[in-house]
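Numbers here are sequence positions counted from 1.
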Amino acid sequence: QVQLVESGGGLVQPGGSLRLSCTASGVIFSINVMGWYRQTPGKQRELVAKISNTGNTNVADSVKGRFTISRDNAKNTVTLQMNSLKPEDTAAYYCNANAYDGRWARNYDYWGQGTQVTVSS
């Protein structure tokens, strides 16, 4: 079982920056991919950015050039640096980890509890 704890959300003015962090703990054999998704009321959860354990990234077009994802494999931490924030970035942001559990020889998806990001003047 893997637990994900997020931090860093809050209220920021348009054009501002925020940094989200997520740390995985628990029984960890290996984590394949870590990433961030976001969701607004009435809409499906969407990918913001994800990063593999080798550093390959996948970033949504809507945030490309403004958001940067990074990862510290030794600390099981993923960070999302969000710059030039826009009101349409307002959402609940969720950390995700796809981790291998050696006890069952399979991969599982885990989710954090979510952190609210509000971009407003």
Side-chain angles (χ1 to χ4, degrees):
Q1 191 75 11
V2 174
Q3 295 80 41
L4 301 176
V5 177
E6 303 139 334
S7 62
L11 172 65
V12 65
Q13 292 187 342
S17 297
L18 281 175
R19 186 181 178 92
L20 304 183
S21 292
C22 172
T23 299
S25 63
V27 180
I28 298 174
F29 287 84
S30 65
I31 301 178
N32 306 309
V33 179
M34 297 188 80
W36 291 93
Y37 290 71
R38 66 186 182 186
Q39 189 172 23
T40 55
K43 293 190 176 181
Q44 283 191 329
R45 192 170 295 186
E46 64 175 8
L47 172 70
V48 178
K50 59 184 179 181
I51 183 168
S52 72
N53 54 9
T54 58
N56 292 322
T57 61
N58 184 353
V59 181
D61 288 342
S62 59
V63 305
K64 210 167 277 186
R66 300 188 297 121
F67 291 11
T68 302
I69 189 168
S70 60
R71 178 172 171 172
D72 186 330
N73 290 331
K75 296 181 179 179
N76 293 320
T77 296
V78 62
T79 299
L80 185 69
Q81 178 65 43
M82 305 185 293
N83 299 328
S84 302
L85 282 160
K86 304 175 180 180
E88 50 263 43
D89 295 317
T90 296
Y93 284 70
Y94 295 89
C95 178
N96 169 264
N98 180 270
Y100 175 75
D101 193 326
R103 297 170 295 180
W104 314 112
R106 57 167 289 181
N107 296 316
Y108 292 89
D109 264 325
Y110 299 95
W111 293 92
Q113 79 282 2
T115 184
Q116 180 66 33
V117 171
T118 302
V119 185
S120 175
S121 55

Open item on the list: Measuring from atom CD of Glu88 to atom OG1 of Thr40, what distance do you get when rounded to the nearest 0.5 angstrom?
Closed with: 11.5 Å

- [ ] Could you pull out the closest heavy-atom pair between Gly26 and Gln3, with the gap in Å?
- [x] CA-OE1, 3.6 Å

TODO: Check the side chains of Thr54 and Ser52 for a donor-acceptor pair under 3.5 angstrom, ignoring hydrogens and angles.
DONE: yes

Task: Pair Lys86 + Asp89: basic N to acidic O under 4.0 Å - done: no

- [ ] Using the side chain to side chain contact (heavy atoms under 4.5 Å, CB included) rule, pick out the option among Ser120, Ser84, Pro87 that qualifies with Pro14.
- [x] Pro87

- [ ] To the nearest 0.5 Å, tell me how far Gln81 CD sits from Ser21 OG.
- [x] 9.0 Å

Open item on the list: Measuring from atom CG of Leu80 to atom CZ of Arg71, what distance do you get when rounded to the nearest 0.5 angstrom?
Closed with: 14.0 Å

- [ ] Check whether any side-chain heavy atom of Val27 lies under 4.5 Å from a side-chain heavy atom of Arg103, and answer yes or no.
- [x] yes

- [ ] Could you work out the complete set of other residues in the hydrophobic cluster of Trp111, with links drawn between I, L, V, M, F, W and Y side chains under 4.5 Å apart?
- [x] Tyr37, Leu47, Tyr94

Open item on the list: Counting only heavy atoms not in Lys75 (residues, nucleotides, ligands), do more than 12 fall under 6.0 Å from its NZ?
Closed with: no

Task: Flag side-chain contact, heavy atom, 4.5 Å: Val2 against Tyr108 - done: no

Task: Nearest non-hydrogen partners of Asn76 and Ile28, listed with the distance - done: ND2-CD1, 3.5 Å

Task: Heavy-atom side-chain proximity of Leu20 to Met82 below 4.5 angstrom - done: yes

TODO: Output all residues satisfying ring-ring contact (aromatic ring centres under 6.0 Å, His included) with Phe67, sequence neighbours left out; order by chain, then residue number.
DONE: none

- [ ] Could you tell me which non-hydrogen atom of Glu6 sits nearest to which non-hydrogen atom of Gly114, and how far apart they are?
- [x] OE1-N, 2.6 Å

Task: Inter-residue atom distance Asn58.CG - Ile69.CD1, 0.5 Å rounding - done: 9.5 Å

Open item on the list: If hydrophobic clusters are built by linking Ile, Leu, Val, Met, Phe, Trp and Tyr wherever their side-chain heavy atoms come under 4.5 Å apart, do Val33 and Val48 end up in the same one?
Closed with: no

Task: Exercise: identify the closest heavy-atom pair between Cys95 and Val78 - done: SG-CG1, 3.9 Å

Task: Least distance between heavy atoms, Leu4 atom then Cys22 atom - done: CB-SG, 3.9 Å

TODO: Using only heavy-atom distances, determine whether the side chains of Thr118 and Thr90 contain a donor-acceptor pair under 3.5 Å.
DONE: no

- [ ] Only one of Gln116, Gln39, Arg38 passes side-chain hydrogen bond (donor to acceptor under 3.5 Å, both in side chains) with Tyr93; say which it is.
- [x] Arg38

Open item on the list: Restricting to non-hydrogen atoms, name the atom on Tyr100 and the atom on Ala105 that form the minimum distance, rounded to 0.1 Å.
Closed with: OH-CA, 3.4 Å

Open item on the list: Run Ile31 and Asn53 through side chain to side chain contact (heavy atoms under 4.5 Å, CB included) and show every step you take.
Closed with: CA-CA 7 Å; Ile31 301 178; Asn53 54 9; over 6 Å; no

- [ ] Rounded to the nearest 0.5 Å, what's the gap from CG on Asn32 to CG on Asn107? Could you check?
- [x] 4.5 Å

